[in-house]
Amino acid sequence: MTQLNHPVTVLKGVGEKRQAALQTLGITTVGDLMAYYPFRYDDIQEKNLLEIQDQEKVVLKGTVISDAVVTHYGYRKSRLVFRMMIEQAVVNVTFFNQPFLKKQISLSEDIAVFGKWDARRRALTGMKIIASKEGELSDFAPIYHVNKHVRQSTLVDLIRQAFAEYGAGIEENLPQWLLEKYRLMPKGQAMFAMHFPQTNDENRLARRRLVFEEFFLFQLRMALLKQEETATAFGNAILYDVERLKQFTRQLPFELTAAQKRVINEICGDMRRPNHMHRLLQGDVGSGKTVVAAVSLYAAVTAGYQGALMVPTEILAEQHAESLQQLFEPFEVQTALLTSSTKAAEKKQILAGLENGSINVVVGTHSLIQSDVLFHRLGLVITDEQHRFGVNQRKILREKGDNPDVLFMTATPIPRTLAITAYGEMDVSIIDELPAGRIPVETRWIRPKQVDTVLEWMRKELRQGSQAYVICPLIEESEALDVKNATEIYEHLRAFFLPEFAVSLLHGKMKPQEKEAVMQSFKDNETQVLVSTTVIEVGVNVPNATIMMIMDADRFGLAQLHQLRGRVGRGDKASYCILVANPKGETGQERMTIMTETTDGFVLSEKDLEMRGPGDFFGSKQSGLPEFRVGDMMADAVILETARKEAFTLCQETNWQKQPANRLLAEAVASLAEQQTYLD
Ligand code: ADP
Ligand code: MG
């Protein structure tokens with residue numbers, strides 16, 4: 001236990017009351033105080049008094065040339081006045097109702113005061129004393145997040161005290177060679193300069209060092225996790241039948257793209273090895289992930305294993321089950337569909353079939369990870385649209401059955417920085433190519449008042465044999481209101497298109513069978529217009545649908561809009577995406593514009609991430625993303641990459657944790673593992 005673990009009460013001026021106050025900021029130890037970094041700095045610039053505008057807020061720095069005099073007047077009112085000398089000029093400074101500041105003002109000392117400038121009187125109405133002690137007058141004043149229990153100035157004083165008395169106890173936890181290689185500032189110096197930098201540059205270097213440390217420890221943890229996976233969790237060597245696999249791919253209705261072939265090879269390579277596969281497959285919407293899943297599942301079956309495909313919605317499960325059944329039928333692969341709406345009798349049969357091995361492949365929702373589902377010989381588990389699954393579910397999946405290989409598929413093109421942060425322990429395969437002949441979807445942004453004109457146009461398109469989706473936004477947390485909204489739009493469209501075209505409605509409140517019936521009739525082109533809430537967001541495949549109209553589009557994030565748009569443009573006909581929106585704010589307008597400018601999922605997801613932040617990007621707190629104290633995984637992407645590279649390299653060394661130079665490092669990683677902030 002180092003001195004940094006001492007409670008804050010060891011500091012002068014911290015009793016029980018202040019200890020409790022600091023606690024509200026999450027500060028309990030001296031070390032916590034030192035690591036309570038400011039979120040910004042007030043720039044204390046020397047200003048020529050003549051250049052300051054009347055009523056401008058400024059920080060003035062000078063020497064106190066008179067005693068501070070406090071006058072009380074009225075009920076609890078007071079005025080504190082003193083004079084300071086700035087260069088050759090004398091300035092009057094007045095503070096109202098802060099008589100306690102008097103003790104911070106001493107004759108002949110330097111002082112920096114933040115306040116409002118009165119140009120005519122050449123006087124300053126003080127708002128805050130930025131610094132008043134020898135050695136505190138740097139050009140930057142740290143500004144901390146505080147609350148009603150703790151004052152800025154208190155915090156600054158305590159942090160100064162903590163460094164003065166315990167700063168020497170800060171141990172360097174990064175090995176010397178790393179500090180040298182990347183010219184990183186020593187830890188103690190960096191921590192101090194985070195609070196009290198002398199120059200901008202010093203502050204930048206301090207931050208860089210601490211960001212590096214934070215990312216490096218995190219990536220070390222990832223590297224260790226990955227090592228554990230491959231070393232201890234012995235998976236199955238799935239020795240698939242290459243000939244049968246070739247036959248299977250030959251009978252596909254299309255030639256696989258080069259990218260599809262490459263990722264299939266990567267996946268099959270993993271399966272063949274006795275190690276445990278733990279792979280993320282990324283591919284933009286429409287890039288053809290389903291068929292990759294099919295080939296992989298078939299490979300497992302030829303080796304005598306079972307496979308499972310898990311998806312987030314019932315509609316998607318049904319759709320996948322159907323397309324797999326079609327593909328597998330000639331090859332005598334038994335496929336089953338298991339969801340929460342599977343009838344009891346049928347469920348019993350399926351469970352039996354999975355347990356005795358007569359069913360080779362099962363498609364389902366979360367029902368698949370329930371404990372009553374037992375497999376005869378589960379070799380491969382694939383999840384589609386995996387960003388919807390939290391890390392915990394990922395783990396449960398991995399632990400299902402006899403250590404199956406696991407493949408996570410996602411259509412959300414995750415920027416690399418995010419991928420290595422959220423899924424740093426996984427291998428990544430990317431389908432970076434769309435099947436040939438795809439025509440990019442043409443996107444238009446219209447205002448609500450233009451909707452009827454667009455509907456006229458839509459009618460003409462429908463007459464050419466096309467179909468259309470109309471998506472209604474989630475307006476409220478309340479599903480009932482969403483349904484009401486969708487129903488209204490549905491009624492409007494029905495009135496517009498009947499009797500020429502059939503319109504149907506799909507929403508989350510419907511029973512699974514009803515949903516299925518609606519989807520089926522849309523697939524069979526019995527209905528031409530499908531009005532839906534976002535339940536269809538992921539994965540639905542109806543190649544004949546060429547129009548995607550999204551109401552109140554500014555309510556969606558870019559990644560989600562991109563997903564929705566991906567429902568069209570799946571065949572060889574020209575497709576359109578109509579965004580209906582009247583965004584008030586700038587971001588809404590920006591989002592709409594970007595959508596009309598690019599169909600590149602990576603560009604959009606980067607933008608989305610910039611505009612909304614990682615938590616929203618993934619749509620839930622379950623994202624498993626770590627929260628960094630200093631680092632910003634987007635802005636500091638380069639440091640993240642470097643830290644990752646070094647961490648993974650270090651992990652390759654046997655016994656690195658035992659080397660004296662790495663002792664503190666190993667300890668820090670171990671404590672990180674204990675916290676497991678990003679694993680829950
Ligand atoms: P996603 O990656 O979004 O899940 P899907 O697997 O649903 O995409 O595939 C989209 C469409 O592209 C489907 O109709 C599928 O049959 C078709 N497809 C997949 N691969 C190819 C290919 N290599 N050539 C032509 N069409 C393909
Ligand atoms: Mg898909």
Side-chain angles (χ1 to χ4, degrees), residues 245-246 248-267 279-298 307 309-313 315-329 361 363 382-389 407-414 428-441 466-467 469 519 522-525 534 536-546 548 559-575 577 599-602 604-605:
L245 207 57
K246 279 190 180 150
F248 183 76
T249 51
R250 266 201 297 274
Q251 61 72 50
L252 290 172
F254 41 71
E255 171 88 6
L256 291 171
T257 63
Q260 282 171 321
K261 286 181 190 157
R262 189 187 63 239
V263 302
I264 288 174
N265 280 333
E266 286 165 359
I267 293 162
R279 187 173 282 278
L280 179 70
L281 172 61
Q282 261 185 269
D284 208 342
V285 277
S287 63
K289 292 182 295 296
T290 314
V291 69
V292 171
V295 174
S296 314
L297 288 167
Y298 185 69
L309 175 59
M310 189 161 104
V311 299
T313 67
I315 290 184
L316 202 51
E318 276 148 22
Q319 178 185 294
H320 277 332
E322 195 184 310
S323 39
L324 289 185
Q325 243 144 17
Q326 264 174 25
L327 289 171
F328 287 158
E329 200 142 57
V361 172
V363 182
I382 303 181
T383 74
D384 197 9
E385 308 302 347
Q386 94 84 28
H387 65 283
R388 303 226 152 179
F389 293 123
L407 179 69
F408 300 94
M409 305 200 294
T410 178
T412 306
I414 308 160
V428 179
S429 289
I430 299 177
I431 308 182
D432 50 6
E433 170 186 16
L434 294 179
R438 290 280 167 82
I439 306 168
V441 180
S466 283
Q467 288 170 276
Y469 297 96
M519 264 334 282
F522 188 65
K523 265 185 201 164
D524 297 342
N525 202 355
T534 51
I536 67 138
E537 181 197 338
V538 279
V540 176
N541 190 31
V542 182
N544 191 50
T546 57
M548 167 61 68
Q560 207 180 3
L561 288 173
H562 180 62
Q563 279 282 326
L564 287 168
R565 181 167 60 184
R567 298 308 111 218
V568 296
R570 301 173 85 81
D572 46 15
K573 284 199 276 182
S575 299
C577 175
T599 51
D600 186 325
F602 273 94
L604 288 167
S605 65

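Ligands are counted one by one from 1 in listed order, and the atoms in each one are counted from 1 as well.
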Of the listed options (Thr290, Asn541, Thr257, Asp284), which comes nearest to atom 6 (O) of ligand 1 when hydrogens are ignored and any heavy atom counts? Thr290
Nearest heavy atom to atom 1 (P) of ligand 1: which of Lys289, Met409, Gln260 does it belong to? Lys289
Under 4.0 Å between heavy atoms, the region of Leu256 that gets near ligand 1 turns out to be backbone
Enumerate the atoms of ligand 1 whose separation from the nearest heavy atom of Val285 is less than 4.0 angstrom. 3 (O)
Does the residue Ser287 have a heavy-atom contact with ligand 1, meaning some pair of atoms that are separated by less than 4.0 Å? yes
Quick check on Gly283 - does any of its heavy atoms sit under 4.0 Å from an atom of ligand 1? no
Using a distance-only test with no angle check, is there a side-chain donor-acceptor pair under 3.5 angstrom linking Ser429 and Arg279? yes
Ignoring angles and geometry beyond distance, decide whether Gly288 reaches within less than 3.5 Å of ligand 1 through its nitrogen or oxygen atoms. yes
Option with minimal heavy-atom separation from atom 11 (C) of ligand 1, where the choices are Arg438, Gln282, Glu255: Arg438
Residue from Val441, Val285, Asn541 passing side-chain contact (heavy atoms from CB on, under 4.5 Å) with Arg567: Val285
Assign the ring pair Phe328 / Phe248 to parallel, tilted or perpendicular, where the plane angle (0 to 90°) is split at 30° and 60°. tilted
Identify whether the distance between the nearest side-chain nitrogen and carboxylate oxygen of Glu255 and Lys261 falls below 4.0 Å. yes
Gln467 side chain vs Phe522 backbone, donor-acceptor pair below 3.5 Å: yes
Closer than 3.5 angstrom, by distance alone: can the side chain of Gln260 be matched with the main-chain N or O of Val291 as a donor-acceptor pair? no
